Each structure stands twice: as structure tokens, then as C-alpha cells.
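Accompanying notes for the structure given below.
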Amino acid sequence: MTVKLVIGTQWGDEGKGKIVDYLSKNVEYVIRFQGGNNAGHTIIVNKEEYKLHIIPSGVISGKIGIIGNGCVIDPEILSNEIKSLEKRDIDVKLLISNRAHIIMPYHKLLDGAEERYLADQKIGTTKRGIGPCYSDKISRNGIRAGDILNTSRLQKKLERVIPIKQKMFEVYKIDEKLDQKEILNLYVNFGKQLKKYISDTHIIIQNAVNQEKNLLFEGAQGTMLDVDYGTYPYATSSHVIAGGASIGVGIPPKNFTEIIGIVKAYTTRVGEGPMTTELTDNVGQHLQRVGHEFGTTTSRPRRCGWLDLVVVKHSCDLSGITKIALTKLDVLNGLKKIKICMGYEFKGEMTDIYPYDVDDVADCKPIYKEFKGWDKIENIDSFSDLPKSAQDYILFIQEYLKTPISIVSVGPERNETMII
Ligand code: IMP
């Protein structure tokens, strides 16, 4: 039995979708445990591109996808995603936890309004209502997936929460009038569409573990967007690190057999907040252009920079990463020199501890180690076929992190993946 967990070690967009798809060969379930349709996973199979936001990536290869209780779900987006996959002849096998929270129309309106209110201090959210939905979960005003299957229960909850939201609209100067009846009908209708998927998924997953089945957990976002250990407040609203997976699906931490950290060979970030190794020069432009670094969810250009190992080490330590998958190494092809950040200069001293406060992070200067570049990486099956400078790059990362790099991805296709 294997229970593998895939975690993004940077700011998301590390290429988790491809690795999850690759690792899902012999698994029964592919499970999401946090986040919502703020995530964007691109998977390319036989030159066909699939962009998923909430459905677990493994569904493309015929696995059963589970959306765990730690996720937040926009039922409209989910229904559309199911329909668009079915149109492409994918048999969508899906289960949704009855405890997962539901994104409501007022969450989306409030996400936009809060961002407008914050003006130049905005977080740069995806405006999908993620933060307001998680806020309602914690303040116990949330609507859960199970609730949209029960009209009277949903009505009772809406009666309680809608007047509060209408008051908040006044504060944020939102003109919209919330029509309780209309929202009730809309969500009861979503409930009818999603009924066959919603259940006590934690029991199904616990049973699968007891029956020694293979499971794969698919993280969304990355450690630096974790609500506790990321660049708070420039973070998302969920627990992205490995500990979040146990809570987000309802199985004990002891069940995980492998924790795979996805490390992109350079750094990207969408939205606001500090990024120590950011490059605004032509190397940054190379990474953005060659790496197609534009958001899957919002199409925003991603900020690009050198690989920051202070960030990745922070992630490895927090999640207990047992193996690394290094992605998009080919994007560095053609660069004369390549740098890796191996520490920060902060207040005149060198540190490899990621500061807790974003203002302190902004004061950190990267300390780089420089590597010779390489021309190209093509049709390569083994580590020894790689250019010597690419081998040096990989070995340095491995040594710094004291964690084996066992997968190297050198292109978007499934077959452009090397096991070392
Ligand atoms: P939210 O999750 O929409 O609230 O956005 C909070 C922050 O997380 C913003 O900086 C977003 O750009 C970022 N973010 C959320 N999801 C992703 C993702 O899947 N990839 C990269 N950044 C993300």
C-alpha cells in the first residue's frame, strides 16, 4: 500500500498536475484536501491539454477523484468542469465530502470588494471567493456540501447568514441586494446536479487505507501560500503543508507513506507579496516566456526569478518531504549562467531561516551560487545523459536539501519525465 502526498514547495504552479498525473498510474483514488478553484492544474496527455481548477488531476486518467472536507467548492464551476470533461469523453468519477464548504455568491462579491478596499495593500487574490468562504467556515457561518442536498436545512442557514452579509455589503459599499429565495433555488439546483457525488468521503478513504489500496493526495498552491507558514497576509486561506492533508480528508498522519515535494527549477509567484529572488531583467522575461508563466486561473503574468532554496528548505522541513520532483528544468536551457539562492543577508548577517514577517522578508538580499548554463536537454532518459552543468545543478539542490531528487521533468508531456 502507498499513500503518497504531493506538496508544492514554492508559491504554487510548480507543475504538480503533471507529476500527480504521472504518479497516479497504480492508484485507486486521487484526493484534494485544501483550496478551491483558485488552483489551476494543466495536464498535457497526447498533445491534448486539460486545465483543471477543482477536479483532482488523476480523473483525466480514469481514477476516482475525491474533493475532501478541507476544500472549498464553487458548485457552478465544478458542474461546468464536469460537463466540459464529459464532452471530451472523460468518464468523470468523483466523490465530494459532505463537509467541504460551499462558495456562495456573496463570497465572490466580498472577495472583490475587500481587494478594492485594500487598494495598494491588496493581496492579489484570484477573486474566486476563497478567503471569504474559509472565513465563514472558521466563524461557523459556512454552508457545507451536505447542506445543499437538504432544502429546509439550507434555507435555515441562509436565513441566519444572509442578513449578516447584507450588512457587510453596506460596509464595503456593494450595491447588490441578496435575494434569499433566488440563492436558495440556485443552490438546491446545484445540489440536485452534485447529489450523486456527495458523501462521507472520510469513511471511504479510511476504508481504502484499511484495505491497503494505493492513494494519491494532490496538494494545491504551495507552502509559501500556506495561511500559517506562507508570506502572510499574502497567502491563501488554507493549510497547504503536509499536516493539512490529514485534517483535510480525515485520515491520521501516520497513514502517509511518502511525501513528495514539487520544486520548479526556478521561482514564480502570482499576486502581491515579497519574492526575494525576483528578476525584472531579460532573464526574468526568458523564464516567463519559455516557461509559459501565465496564471491558469486568472491569466495574470507570473513574477519569475531564480530558485530560492531558503524557501524550498522551509517547505521540506515543514512537510517532512521524503522525495523531490524537480520540474521545468528545460526552461533554463540556453541561459549562459544560472543562479541558486542559498541564503539571505538580513540585518548584516547571513541566514537560511525564512523570516515570519513580510517586511523582514522584503529586507532580505539573496546570496547566490552561480552555475554554468547548458544549451539544451533533449530525449534524455537518464541522469548521466544530462549536460554536466545540469547534473551539477541537480546535485547541489539535493545536497542542500538533504533530500533525494527522484523525478526530473524536462517538458510538459508525460514521456518527458525522468526517474533518477
Ligand atoms: P486566494 O487563494 O484567491 O485567496 O489568493 C491568495 C493568494 O494566493 C494570491 O496571491 C493568489 O495569486 C495566490 N494563489 C491562489 N491560488 C494559487 C495557485 O494555484 N497558484 C499560484 N498562486 C495562487
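Because the structure is a prediction, the values reported are computed rather than measured. Read the numbers this way: they start at 1 and go in the same order the structure lists the ligands and their atoms.
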Options [options], ranked by nearest heavy atom to [atom], top entry:
| atom | options | value |
| --- | --- | --- |
| atom 15 (C) of ligand 1 | Gln221, Met224, Arg269 | Gln221 |
| atom 7 (C) of ligand 1 | Gly230, Gly129, Ala235 | Ala235 |
| atom 18 (C) of ligand 1 | Thr268, Asn38, Val72, Asn37 | Asn38 |
| atom 23 (C) of ligand 1 | Val270, Thr126, Thr125, Leu225 | Leu225 |

Item checked: ligand 1 contact by Ala39, heavy-atom criterion under 4.0 angstrom -> yes
So, regarding [X] and ligand 1 (criterion: nitrogen or oxygen to nitrogen or oxygen, under 3.5 Å), is there a contact or not?
| X | value |
| --- | --- |
| Arg128 | no |
| Thr236 | yes |
| Ile130 | no |

Residue [X] vicinity, atoms of ligand 1 by number, heavy atom under 4.0 Å:
| X | answer |
| --- | --- |
| Ile123 | 10 (O) |
| Trp11 | 21 (C), 22 (N) |
| Arg300 | 11 (C), 12 (O) |
| Gly271 | 10 (O) |
| Asp13 | 20 (N), 21 (C) |
| Gly124 | 9 (C), 10 (O), 11 (C), 12 (O) |

Note to self: Testing the 3.5 Å rule here: is there a donor-acceptor pair between the side chains of Asp147 and Tyr187?
What the structure shows: no
Note to self: Can a donor-acceptor pair be found, under 3.5 Å and without considering hydrogens, that links the side chain of Asn141 to the backbone of Asp136?
What the structure shows: no
Ignoring hydrogens and angles, write down the donor-acceptor pairs under 3.5 Å from the side chains of residues 395-405, residues two or more places apart or on other chains.
from   : atom 1 : to     : atom 2 : distance (Å)
Gln398 : OE1    : Ile405 : N      : 2.7
Tyr400 : OH     : Met342 : O      : 2.9
Thr403 : OG1    : Leu401 : O      : 2.8

Checklist line | Among Arg32, His53, Lys51, Glu218, side chain to side chain donor-acceptor pair (under 3.5 Å) partner for His41 | finding: Glu218
Checklist line | Residue among Gln34, Gln10, Lys16, Glu14 satisfying side chain to side chain donor-acceptor pair (under 3.5 Å) with Gln221 | finding: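 Passing option: Gln34.
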Item checked: Carboxylate-amine/guanidinium contact Asp330 Lys376, below 4.0 Å ->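 Looking at Asp330 and Lys376, the cut-off is not met.
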Next item on the list: Return the orientation label for the Phe371 and Tyr393 ring planes: parallel under 30°, perpendicular over 60°, tilted otherwise.
Entry: perpendicular
Next item on the list: For the residue pair Arg303 and Trp11, establish whether any side-chain heavy-atom pair is separated by less than 4.5 Å.
Entry: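 Not in contact.
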Check: Does Lys25 make a cation-pi contact with Tyr22, if we ask for NZ or CZ under 6.0 Å from the ring centre and within 45° of the axis?
Finding: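 Here Lys25 passes the 6.0 Å and 45° test against Tyr22.
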